[in-house]
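Contents: one structure, followed by commentary.
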Number of protein chains: 2
Amino acid sequence: MNKKQLIAQLSGSLSLSKADAERTFDTITNTILDALKGDDNVKIAGFGTYKVAKRKARVGRNPRTGEQIQIAASQKVKFLPAKALKEVFNK
Amino acid sequence: MNKKQLIAQLSGSLSLSKADAERTFDTITNTILDALKGDDNVKIAGFGTYKVAKRKARVGRNPRTGEQIQIAASQKVKFLPAKALKEVFNK
DNA sequence: AATGGGTATGCAGTATTTGCATATAGTAAC
DNA sequence: GTTACTATATGCAAATACTGCATACCCATT
């Protein structure tokens, strides 16, 4: 399922136009992103937690040449599924 | 930021009552979950991809006792941040 | 306001994932 | 239709995930 399909489905479920559904959806993702940018974890009960994980610098490798390279520290968004979410898939 | 705070913020941004904002948000998460339950990955351009990762059974260990234990196969939801999302945090 | 419940943390050791460069193929967005 | 993004594939080192369990904590619901 891609974003377009998701929007189409939401449009139906929420009785919104597709444009409105998309705007609503984008507002939500932007709100979450803004919180994360502010180094604020986002906890959604029953769904999961978004958090920014700091990754240390380390040694990597160019798989094409085999050459070793230094990889800088970076950050990425992690999503930790809530307990309820795991149970859905393991029953 | 927890769900309540997120809902409050969305309520303002979207000019919805908190009850409506919450219903909208729940509809979205449920839609995503339903797709995942149907073994369908959810790709949100510019945000990320939710996918169900199947984990094989394997041998683990109780770190308290050192005892070896068999861990059953399981599934969990993985979120892979999109390229745009990584860039936000590494600039 | 209180209480129950989900979540974070720490612990040890192993299994798993990550992420590098880069091109291509496929898909999605506009 | 054309542009933009994403998945895939490759080898390999190091970071991280995962497990049971107890504690502390914060949230949600009554």
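All chains are named by letter (A, B, ...) in the order of the sequence lines, taking the proteins before the strands, and each is independently numbered beginning at 1.
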Taking only the side-chain nitrogens and oxygens of Lys76(A), find out if one of them lies under 4.0 Å from OP1 or OP2 of dG19(C). yes
Side-chain N,O (Thr65(B)) to OP1/OP2 (dG20(D)) below 4.0 Å: no
Please work out if Ala82(B) contacts a base, only the sugar-phosphate, or nothing of the nucleic acid, heavy-atom cut-off 4.0 Å. sugar-phosphate
Scan Thr49(B) against the nucleic acid and name what it touches under 4.0 Å (heavy atoms): base, sugar-phosphate only, or nothing. sugar-phosphate
For Phe25(A), all residues meeting ring-ring contact (aromatic ring centres under 6.0 Å, His included), sequence neighbours excluded: none
Candidate list Asp39(B), Asp34(B), Ile32(B), Asp40(B), test side chain to side chain contact (heavy atoms under 4.5 Å, CB included), partner Leu36(B), passing option: Ile32(B)
Among dA17(D), dT18(C), dC20(C), which nucleotide sits nearest the side chain of Lys78(B)? dT18(C)
By nearest nucleotide on DNA chain D, pick out whichever of Gln68(A) and Arg58(B) is the more 5' one. Gln68(A)
Heavy-atom nearest nucleotide on DNA chain D for Gly48(B) versus Lys56(A): which residue maps closer to 5'? Gly48(B)
Strictly under 4.0 angstrom, non-hydrogen atoms only: write out the protein contact profile of nucleotides 21-30 of chain C, one letter per nucleotide from the 5' end, B, S or -. BB-----SS-
Please state how far atom CG in Asn41(A) lies from atom C1' in dC25(D), giving the value in whole angstrom units. 14 Å
Atom-to-atom span, NZ of Lys86(B) to C1' of dG19(C) - whole angstrom: 8 Å
